[in-house]
Amino acid sequence: MVEFRLPMLPQPGEVVWSVKINGIDVKLNIESNAILLDVLRDQAGSLGTKRGCDMGTCGCCSVLVDGEPRLSCLTLAAELNGHEITTVEGLANGHHLHPIQKTFTEFGGSQCGFCTPGFLVVSSALLSENNDPTDEEIKTAIEGNLCRCTGFQQIVDSIRAASDIIKENNSIEDSTSAKSNPHPGFMEGG
Ligand code: FES
Ligand code: FES
């Protein structure tokens, strides 16, 4: 009788993973083949990053890598060494919620809430690039995220409302800086 043996697969080694998560320097030992979603949830404590399908189809696990949305269930953590990761826990500014967090609660963008972290993260990336998106641009930005509860219109409404808050905040900041410098462009001693 011929003995059949499966070839031994090499075991993954550990690597030192050095990243910034939500503005904080983090250094962890991770397996070289670890998936970002697992590292975030099991080692970095980001339980806000949700595991939905685990195969790239629902968007629940979305995070930002250097400001760009990324599916953490399809990302090798080790390849992000030296990069900056933002999870849903990093959207608020201290005790101040991000406008998108406020409007999701006010406009019904979040119901059971399981998909919400992914939508918040992806929407925040859209609004930081474009604070006046059209409905089509909003739908394109969230097309990789699934929600079973809301029917999506409340999510689009929430993002639209957040864009209005951001525009209003920007115009208040502009008028405040104009008052503190009534002659913008005029350099003292120039
Ligand atoms: S858990 Fe990553 S896309 Fe669904
Ligand atoms: S709010 Fe329940 S899946 Fe989106």
Side-chain angles (χ1 to χ4, degrees), residues 12 15 17 19-22 26 28 30-92 97-130 133-166:
V15 294
W17 195 57
V19 294
K20 213 179 252 287
I21 301 179
N22 300 331
V26 171
L28 292 170
I30 63 166
E31 291 191 347
S32 57
N33 64 354
I35 298 298
L36 179 60
L37 175 59
D38 296 326
V39 174
L40 287 174
R41 288 184 58 85
D42 300 340
Q43 292 186 254
S46 169
L47 296 177
T49 306
K50 297 298 180 210
R51 186 190 309 279
C53 63
D54 227 2
M55 53 193 288
T57 59
C58 74
C60 288
C61 64
S62 300
V63 296
L64 303 182
V65 175
D66 301 330
E68 295 292 326
R70 185 85 83 93
L71 296 174
S72 62
C73 73
L74 295 186
T75 302
L76 265 183
E79 75 184 20
L80 300 186
N81 236 329
H83 289 265
E84 192 157 341
I85 299 164
T86 307
T87 69
V88 68
E89 292 94 344
L91 295 185
L97 292 179
H98 188 291
I100 195 68
Q101 293 174 299
K102 286 187 194 160
T103 56
F104 258 65
T105 56
E106 288 166 11
F107 287 77
S110 181
Q111 291 183 14
C112 82
F114 196 80
C115 69
T116 306
F119 275 100
L120 292 177
V121 162
V122 167
S123 311
S124 73
L126 167 70
L127 293 170
S128 66
E129 274 190 7
N130 175 3
T134 62
D135 282 359
E136 279 318 302
E137 287 169 328
I138 292 173
K139 286 176 190 168
T140 300
I142 60 172
E143 66 189 0
N145 293 68
L146 297 180
C147 175
R148 285 166 165 256
C149 305
T150 62
F152 291 95
Q153 188 56 49
Q154 292 95 320
I155 291 176
V156 173
D157 293 345
S158 303
I159 298 170
R160 159 75 41 235
S163 94
D164 291 341
I165 294 176
I166 291 169

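Atoms within a ligand are numbered from 1 in the order they appear, just like the ligands themselves.
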*Nearest heavy-atom pair of Phe152 and Cys147: which atoms, and what distance?*
CZ-N, 3.4 Å
*Taking all non-hydrogen atoms of both residues into account, name the closest pair between Gly109 and Ile155 and its distance.*
O-CG1, 3.5 Å
*Distance-only donor-acceptor check, side chains Glu136 and Thr134, under 3.5 Å*: no
*Below 2.8 Å of atom 2 (Fe) of ligand 1, tally up the protein N/O/S atoms for me.*
2
*Measure across Cys73 and Asp54 and return the closest heavy-atom pair with its distance rounded to 0.1 Å.*
CB-OD1, 3.6 Å
*Arg51 versus Asp38: any side-chain heavy-atom pair under 4.5 Å?*
yes
*Do side-chain atoms of Ser32 reach the backbone of Val15 as a donor and acceptor pair under 3.5 angstrom?*
no
*Considering non-hydrogen atoms only, spot the tightest contact between His98 and Ser124 and give its length.*
NE2-CB, 3.8 Å
*Considering all heavy atoms, the nearest Ala78-Ile30 contact*: N-CD1, 4.0 Å
*atom 4 (Fe) of ligand 2 - number of protein N/O/S atoms closer than 2.8 Å*: 2
*Over all heavy atoms of both residues, which pair between Val19 and Gly82 is shortest? Give the atoms and the distance, please.*
CG1-N, 4.2 Å
